[in-house]
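A short write-up of the structure that comes next.
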Amino acid sequence: MKVDLNQLNDSHFGISTLDPLRFAFSKKSSPHAGGMSMPVAADQQPKIFENVTSNSVSKSNKRCLYIHIPFCRVRCTFCNFFQNAASRKLVDDYFHALLQEIEIKSQLAWTQSGLFHAVYIGGGTPTDLSPDQVEKLGKAIRTSFPLSTDCEITLEGRTNRFTDEMFDKALEGGFNRFSFGIQSFDTKVRRSAKRLDDREVVLERVAALSARDEAPIIIDLLYGLPYQTLDVFEQDLHDFLDTGAHGVDLYQLVVGGSAPMLNMVEKGRIPAPATTPDKASMYERGVAFMNKHHIKQLSVKHWARDNRERSQYNSLAKTYAEVLPIGCGAGGNIGGYGLMHHRSLDAYMDAMNNGRSTIAMMVKQGPTESINAALKAGFDSGVVRRSALPRFKGQDTFELLKPLFVIWSENGLVELEHDYLVLTLAGSFWAVTLAQGAIEAINTLGPRKTMSTHPHGHGHSGKGHPAKMAS
Ligand SMILES: C[S@@+](CC[C@H](N)C(=O)[O-])C[C@H]1O[C@@H](n2cnc3c(N)ncnc32)[C@H](O)[C@@H]1O
Ligand code: SF4
């Protein structure tokens with residue numbers, strides 16, 4: 001048995017070109033790869049959730065907690081993840097409901113029977129909570145959930161209004177990792193994207209927080225924004241280095257349907273974002289920069305300056321770990337089911353106020369879910385290891401995928417070693433496309449498509465990155 005190449009095409013293989021980095025595929029369509037899953041009818045969801053969460057888990061299972069804060073004070077023009085404009089009243093009411101949900105979810109037998117190894121507070125902009133709320137949230141997490149002694153507890157957000165008082169309260173609350181969306185330091189790029197604060201202000205803030213050296217400070221940079229030329233991006237990389245931040249994510253800009261940027265470009269108010277080949281050149285520049293400065297690569301898009309940065313949540317949530325979702329718009333997976341909470345704030349608040357389930361959507365994960373997760377984790381790390389892939393019906397999955405691997409190798413996307421598939425620079429740029437190709441190749445081994453791919457939600461994913469619901 002081998003994967004059936006006849007059911008696949010160039011969108012899986014890539015094309016044969018002298019320049020695979022820029023032209024192997026036409027474009028990256030989605031930030032995440034996804035597998036097949038079966039929707040669960042709404043009336044069955046509460047019972048299934050009750051069943052899976054009344055079971056105990058083994059202490060050795062790795063688990064994560066994802067808590068979502070669905071507010072931002074200003075919407076960035078490129079963002080696909082914006083949900084609600086923050087107002088004090090809305091945020092305060094939500095925070096109250098969130099603490100209630102934390103209490104309810106913490107009492108489940110499933111929750112208390114094992115340990116959580118990573119917690120991620122994502123958004124939206126969690127740093128738009130008040131300093132007192134941040135401290136309270138950290139303390140609620142630490143007192144309500146069984147955390148491993150080295151549990152990574154990340155607060156995501158922006159440097160705007162992230163004062164020393166906020167940092168102190170967050171540390172007091174128990175947060176031990178901070179991830180700030182910077183996107184670009186360049187003032188012109190920032191203003192056109194409606195980012196708050198100019199270059200000097202952001203540089204100063206990241207440098208000051210990093211210099212305190214009390215917790216890893218990680219920054220997100222985007223590449224491909226309007227006005228962000230290759231030279232501007234190179235300056236962004238130098239700025240990262242100068243701030244002393246402990247880690248950096250380089251994310252390719254992928255603008256989705258509702259992001260305001262598309263309309264602004266259409267009306268001629270700003271230049272178009274970079275094309276895919278131009279973004280590939282920027283990625284190339286980024287990787288060369290990191291190599292030149294001996295910054296350690298943790299994944300195809302994440303680098304750490306020192307060992308303090310472990311990026312636990314990202315690697316765990318992408319693999320076999322279960323993720324308990326909490327909050328409006330949060331996504332996770334427990335006991336073979338993918339869960340997605342109400343994305344509408346009204347629906348979430350209504351559910352919480354009336355003692356109803358916060359789940360808007362549930363899917364039963366497909367039988368190859370553990371293989372899909374291992375593939376995604378492997379491609380994200382830059383190396384797919386034979387030993388890390390669960391077997392498919394007793395057979396060696398790496399071997400089953402070999403025909404596809406050989407084509408990728410011919411197309412300059414991977415180097416195929418005996419037990420390892422190592423991504424080239426081009427393969428690293430196209431890592432999500434390759435992961436999706438491998439997952440679809442695995443699907444050719446099973447019954448023909450009777451299930452559907454599941455939708456996206458916020459939750460466990462590549463950082464900063466709103467996440468996948470089920471896998
Ligand atoms: C959900 S956002 C939250 C971060 C925080 N609110 C901020 O604005 O800095 C997490 C990260 O997703 C990334 N992101 C947002 N929009 C994106 C897009 N259209 N394409 C790729 N990455 C994007 C950004 O790098 C951002 O830092
Ligand atoms: S990038 Fe961050 S602050 Fe900007 S709209 Fe998206 S989630 Fe909100």
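One-based numbering, in listed order, for ligands and for the atoms of each. Given the structure is predicted, the values throughout are model-derived calculations rather than measurements.
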Counting heavy atoms only, which of H68, R158, Q183 comes nearest to atom 24 (C) of ligand 1?
-> Q183
Heavy atoms of G122 and E156 approach each other most closely as CA-OE1, 3.4 Å
Any heavy atom of L253 under 4.0 Å from ligand 1? The part involved is both
Give a yes or no on whether the ring-centroid distance for Y348 and Y94 is below 6.0 angstrom.
-> yes
Near R158 (heavy-atom distance under 4.0 Å), the atoms of ligand 2 are 3 (S)
Roughly how far, to the nearest 0.5 Å, is CG of D350 from CZ of R356?
-> 4.5 Å
Find all atoms of ligand 2 within a distance of less than 4.0 Å from any non-hydrogen atom belonging to T125, and give their numbers and elements.
-> 3 (S), 8 (Fe)
Should one rank Y251, F180, F81 by closest heavy-atom distance to atom 15 (C) of ligand 1, which comes out on top?
-> F81
Give a yes/no on ligand 2: does R73 have at least one heavy atom closer than 4.0 angstrom to it?
-> no
For ligand 1, find out whether one of its N or O atoms is nearer than 3.5 Å to an N or O atom of G181.
-> yes
So which protein heavy atom does atom 5 (S) of ligand 2 come closest to, and at what separation?
-> C76 N, 3.4 Å
Sub-4.0 Å atoms of ligand 1 with respect to non-hydrogen atoms of L222 = 21 (C), 22 (N), 23 (C), 25 (O)
Per-atom contacts of ligand 1 with G123, taking only distances under 4.0 Å to non-hydrogen atoms | 1 (C)
To the nearest 0.5 Å, atom CG of L196 lies from atom CZ of R191 at 12.0 Å
Can you list the ligand 1 atoms lying under 4.0 Å from a non-hydrogen atom of N80?
-> 19 (N)
Would G124 count as a contact of ligand 1 if the rule is a heavy atom under 4.0 Å away?
-> yes
Any nitrogen or oxygen of V254, main chain or side chain, under 3.5 Å from a nitrogen or oxygen of ligand 1?
-> yes
Residue and atom name of the nearest protein heavy atom (relative to atom 6 (Fe) of ligand 2), distance in Å to one decimal = C79 SG, 2.2 Å
Hey, what's the ring geometry for Y313 with Y66, parallel, tilted or perpendicular (30° and 60° as the breaks)?
-> tilted
Measure from NZ or CZ of R63 to the centre of the six-membered ring of F116 and say whether it is under 6.0 Å with the direction within 45° of the ring axis.
-> yes
Kindly confirm or rule out a cation-pi arrangement of R305 over F240, judged by NZ or CZ under 6.0 Å from the six-membered ring centre and within 45° of its axis?
-> yes
Quick one: does C72 get within less than 4.0 Å of ligand 1, heavy atoms only?
-> no
G124 neighbourhood, listing ligand 2 atoms whose heavy-atom distance to it stays under 4.0 Å = 7 (S)
Decide whether an N or O pair under 3.5 Å exists between D220 and ligand 1.
-> yes
Measure the CG-OG distance between D380 and S299 for me, rounded to the nearest 0.5 Å.
-> 4.5 Å
Where does the angle between the aromatic ring planes of F167 and F178 fall among parallel (under 30°), tilted (30 to 60°) and perpendicular (over 60°)?
-> perpendicular
Assign the ring pair H238 / H293 to parallel, tilted or perpendicular, where the plane angle (0 to 90°) is split at 30° and 60°.
-> perpendicular
Atom indices of ligand 1 within 4.0 angstrom of C79 heavy atoms, with elements | 16 (N)
Tell me, with the steps shown, if Q312 and D150 meet side-chain contact (heavy atoms from CB on, under 4.5 Å).
-> CA-CA 10 Å; Q312 284 289 290; D150 65 344; 5.5 Å; no
Those atoms of ligand 1 less than 4.0 Å from some heavy atom in R195 = 7 (C), 8 (O), 9 (O)
Taking the six-membered ring for Trp, is the centroid-to-centroid distance between W110 and Y337 below 6.0 Å?
-> no
State whether C72 contributes an N/O/S atom found under 2.8 Å from atom 4 (Fe) of ligand 2.
-> no
Step-by-step side-chain contact (heavy atoms from CB on, under 4.5 Å) determination, K296 to E309 = CA-CA 10 Å; K296 195 163 103 192; E309 161 58 343; over 6 Å; no
Short list, please: which atoms of ligand 1 are under 4.0 Å from a heavy atom of Q252?
-> 20 (N), 21 (C)
